[in-house]
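Any value given below was found using the heavy atoms of this structure, including those in side chains, with hydrogens, waters and symmetry copies removed. Chain A is the first sequence line, chain B the second, and so forth, proteins listed ahead of strands; every chain is numbered from 1.
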There are 2 protein chains.
Amino acid sequence: MKPVTLKQIAEHLNISVTTVSKALKDYSDVSPKTKALVKELAKTLNYKPNAFAVNLRTKESKTIGLIIPVIVHHFFSNVIRGIISQAEKKGYLVIILQSNESYELEKKQIDLLMSQRVDGILISLANGTANFNHLNDVLAQDKPLVMFDKIAKIVKCSKVIIDDRKAAYMATKHLIDTGCKRIAHFRGALLPQNSIDRFLGYKKALLDNNMPYDPSLVYICQCDDMSFEEGKKNAQQLLKDHNDVDGIFINTDLVAIGALTEFNKQGVKVPEDISIVGFSNWFMSSVISPTLTTINQPGFEMGKVAFKQLYKEMKRIKKNKPVVYKEIVLETALVKRESTKK
Amino acid sequence: MKPVTLKQIAEHLNISVTTVSKALKDYSDVSPKTKALVKELAKTLNYKPNAFAVNLRTKESKTIGLIIPVIVHHFFSNVIRGIISQAEKKGYLVIILQSNESYELEKKQIDLLMSQRVDGILISLANGTANFNHLNDVLAQDKPLVMFDKIAKIVKCSKVIIDDRKAAYMATKHLIDTGCKRIAHFRGALLPQNSIDRFLGYKKALLDNNMPYDPSLVYICQCDDMSFEEGKKNAQQLLKDHNDVDGIFINTDLVAIGALTEFNKQGVKVPEDISIVGFSNWFMSSVISPTLTTINQPGFEMGKVAFKQLYKEMKRIKKNKPVVYKEIVLETALVKRESTKK
DNA sequence: TTTCGTACCGAAAACGTTTTCGAAATAAAC
DNA sequence: GTTTATTTCGAAAACGTTTTCGGTACGAAA
């Protein structure tokens, strides 16, 4: 019932544990004959090396940690899939933790992963994270860490992101190009770099095209579990505050769909009365009516690329070579649909 | 730079490794004085026990494995969240693997988890899984395994599920009660127990209410990544084949929304011309127009309950006590919305 | 014959814990 | 003063691997 060990194989064949170990790993100093014997017996006994012992000996677990603000999220769950698929190819397992957008939890989870001694960490920051000691500690201990999507520029490590500012600029520009004269913005929470960047892209597009920037047209939402409701609320508020707005660039598809639903309900025509551009290209955006113009954000690819970078760094560290941090920017694209005019 | 070990603390204080270890774990046979000394030094040196060594010694890793057919899925991602939240409370980490609805992959992943020596395994079966040796092997090695949602009745282990047959019966009955005379069913793939049960519930509701069961009204879909498209296709086919159908019970909300979209596009009025009941209560179902009547399937809770059961079994096994397998059935409910008549 | 090289094997240390068991030292009981 | 408890400590084994370093044995070269 108990798992088979090298020792048992050795005793069976009347040879030493050393030889068994070497035979299984095709060392050159064991004869073909004994190699064959060992391998055969190992197979029939269904020998599996004890991972705990191997980990202790080799000081690595072939496991990485992943901390993500939310799991139930079209974009993030795609990132997870990307990471896992790539990790599996390289023989790595991934432990997933959800920070729930909480800095405190994020800190604890980093600690947890460090004491579990994962080989590396992938993280997308919580909205509430403004202090980065926990991340710097990881790096200080020579543990590879790469951030993706929700990053902190200040932390010296690899990052894989999109150019949020540029994408937001594209989105807003598209509203301008299709005739919108007064454009609002539903932005994300205050801290995350990407909601800041999207806001800046929005603002720059306005100014570059001789349109005034009006802070009262910028609505904030936390983009958490309640995103959809936030979209509805902001839409209601917008209709009360500003009846002259004819275009909105919205931080996230989910919020955009909330707003869209509210407009549909109130009889506000999209795009005739108000045009909307979302962000993410969640597949639901192409299903809702009217279909949503949005920015395509490559979640699966981001996951893959993030793991690849982490993998490189893990290998470098293992060889005691210095790692060079990279900032990888993935391409985005505007996806034109029915929620904006031609 | 290297992590602190017990040995280093011991040398610092001129005591033995044994005492340090015991002091940190509050053994009764070490004096309060030395305990205080050890703990203080451990804190200042930021000592973290080497998980690899602890694992080897204790033969457990406080890690479980989770195999799931798809991650990017409203229901399953909620299950994941439920599992992780509960696991975290009990100090367990969870390694997630995606079987991609493939039996071969699932088998490999079970192997992977076993050689990684996780303390237990949670699994929702792939559609393609018809052979259960890989699962029985796990159980034969006294490793706790609990199945959820997509289960195999034949495997002797704990399961947490919903009563799919009853839920499907409720759904179909509701169509009948609201006046539908000819009711189709978009079912899931052939193998999974839950799509079988939902089909059986549909069939029984018809027969119990003196309505003929017509196999040509049952359409199959794989319910994989392409679910939405499958819904559209099946809807098209249905309109061609049977213009007298006035109600459909659909295996999954996503497929239902695909069908709904197609009906909207083709000018078929829902629920006036055709009523629809979905399954899952994905939040999008309350957003789409018309909103979708559906069965609420408690994903988050299912994850929690599944982990709790696994946890119990892991504790039993650790104490060498026999485990009793449970089949836990979670409650579902019909959620009435606009896609069915009053 | 001796010497050298090669092919094959194994003893032993190491990774960092946990835990058993006995020993020493002190305090309590007679 | 001797015996018995009680408190406090540590040596050592164990978990299962990996890897270093010597050591045989045997054939070939001298």
Side-chain angles (χ1 to χ4, degrees), chain A residues 1-39 41-42 45-63 114-119 141 318-319, chain B residues 1-39 41-42 45-63 114-119 141-142 318-320:
Chain A
M1 203 83 299
K2 292 284 121 197
V4 185
T5 68
L6 290 182
K7 198 175 171 187
Q8 292 172 34
I9 296 183
E11 283 168 358
H12 252 264
L13 297 175
N14 253 322
I15 56 178
S16 76
V17 175
T18 308
T19 308
V20 177
S21 174
K22 288 201 260 191
L24 291 173
K25 318 193 100 217
D26 268 328
Y27 271 55
S28 60
D29 65 345
V30 28
S31 75
K33 221 176 294 175
T34 46
K35 264 185 196 172
L37 279 173
V38 169
K39 284 181 180 174
L41 187 58
L45 292 184
N46 191 29
Y47 168 78
K48 299 271 172 62
N50 183 318
F52 300 155
V54 176
N55 290 348
L56 177 60
R57 193 48 233 245
T58 62
K59 298 182 184 309
E60 55 172 19
S61 56
K62 295 278 185 183
T63 301
M114 288 304 281
S115 47
Q116 186 69 16
R117 280 180 163 68
V118 293
D119 296 345
Q141 290 178 50
K318 200 175 162 188
K319 293 185 193 165
Chain B
M1 204 83 298
K2 292 284 119 194
V4 186
T5 68
L6 290 182
K7 198 174 170 187
Q8 292 172 35
I9 297 183
E11 284 168 358
H12 253 266
L13 297 175
N14 252 322
I15 56 179
S16 77
V17 174
T18 307
T19 307
V20 177
S21 174
K22 288 202 256 191
L24 291 173
K25 319 193 97 217
D26 269 328
Y27 271 56
S28 60
D29 66 345
V30 25
S31 74
K33 219 176 297 174
T34 46
K35 264 186 196 172
L37 278 174
V38 169
K39 284 181 179 174
L41 186 57
L45 291 184
N46 191 29
Y47 168 77
K48 298 271 172 61
N50 182 318
F52 300 156
V54 176
N55 290 348
L56 177 60
R57 193 46 233 241
T58 63
K59 298 182 183 309
E60 54 172 20
S61 56
K62 295 278 184 183
T63 301
M114 288 304 281
S115 48
Q116 186 69 16
R117 279 180 164 66
V118 292
D119 296 346
Q141 291 178 49
D142 261 343
K318 199 175 162 188
K319 292 184 194 165
N320 267 320

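- Where B/T18 and A/P49 each meet DNA chain D at their nearest nucleotide, the meeting point lying more 5' is that of B/T18.
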Check: residues 32-39 of chain B side-chain donor-acceptor pairs under 3.5 Å, at least two apart:
residue, atom, partner, partner atom, Å
B/T34, OG1, B/S31, O, 3.0
B/T34, OG1, B/S31, OG, 2.9
B/K35, NZ, B/Y27, O, 3.0
B/K39, NZ, B/D26, OD1, 3.0
B/K39, NZ, B/D26, OD2, 3.2

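- Residues passing the side chain to side chain contact (heavy atoms under 4.5 Å, CB included) test with A/V54, sequence neighbours excluded: A/P49, A/T58.
- Across residues 21-30 of chain A, A/K22, A/D29, A/V30 each have a non-hydrogen atom less than 4.0 Å from an atom of DNA chain C (numbered order).
- Taking every side-chain heavy atom of A/T5 into account, D/dT17 is the closest of C/dA11, D/dT17, C/dC8.
- A/K48 has its NZ atom 21 Å from the P atom of D/dC15, to the nearest Å.
- Under the side chain to side chain contact (heavy atoms under 4.5 Å, CB included) criterion, B/S16 pairs with B/T18, B/T19, sequence neighbours left out.
- The separation between B/K7 atom NZ and C/dG16 atom P is 8 Å, rounded to whole Å.
- Comparing C/dG10, D/dT17, D/dG10 by their nearest atom to the side chain of B/I15 picks out D/dG10.
- The salt bridge (Lys or Arg N to Asp or Glu O under 4.0 Å) search around A/K62 returns none, not counting sequence neighbours.
- Atom C1' of nucleotide D/dA14 and atom CZ of A/F52 are separated by 16 Å, given to the nearest angstrom.
- Residues meeting the salt bridge (Lys or Arg N to Asp or Glu O under 4.0 Å) test with A/E60, sequence neighbours left out: A/K318.
- Between B/T19 and D/dG10 there is a side-chain polar atom (N or O) within less than 4.0 angstrom of OP1 or OP2.
- Atoms CG (A/L56) and P (C/dG16) sit 7 Å apart, rounded to a whole Å.
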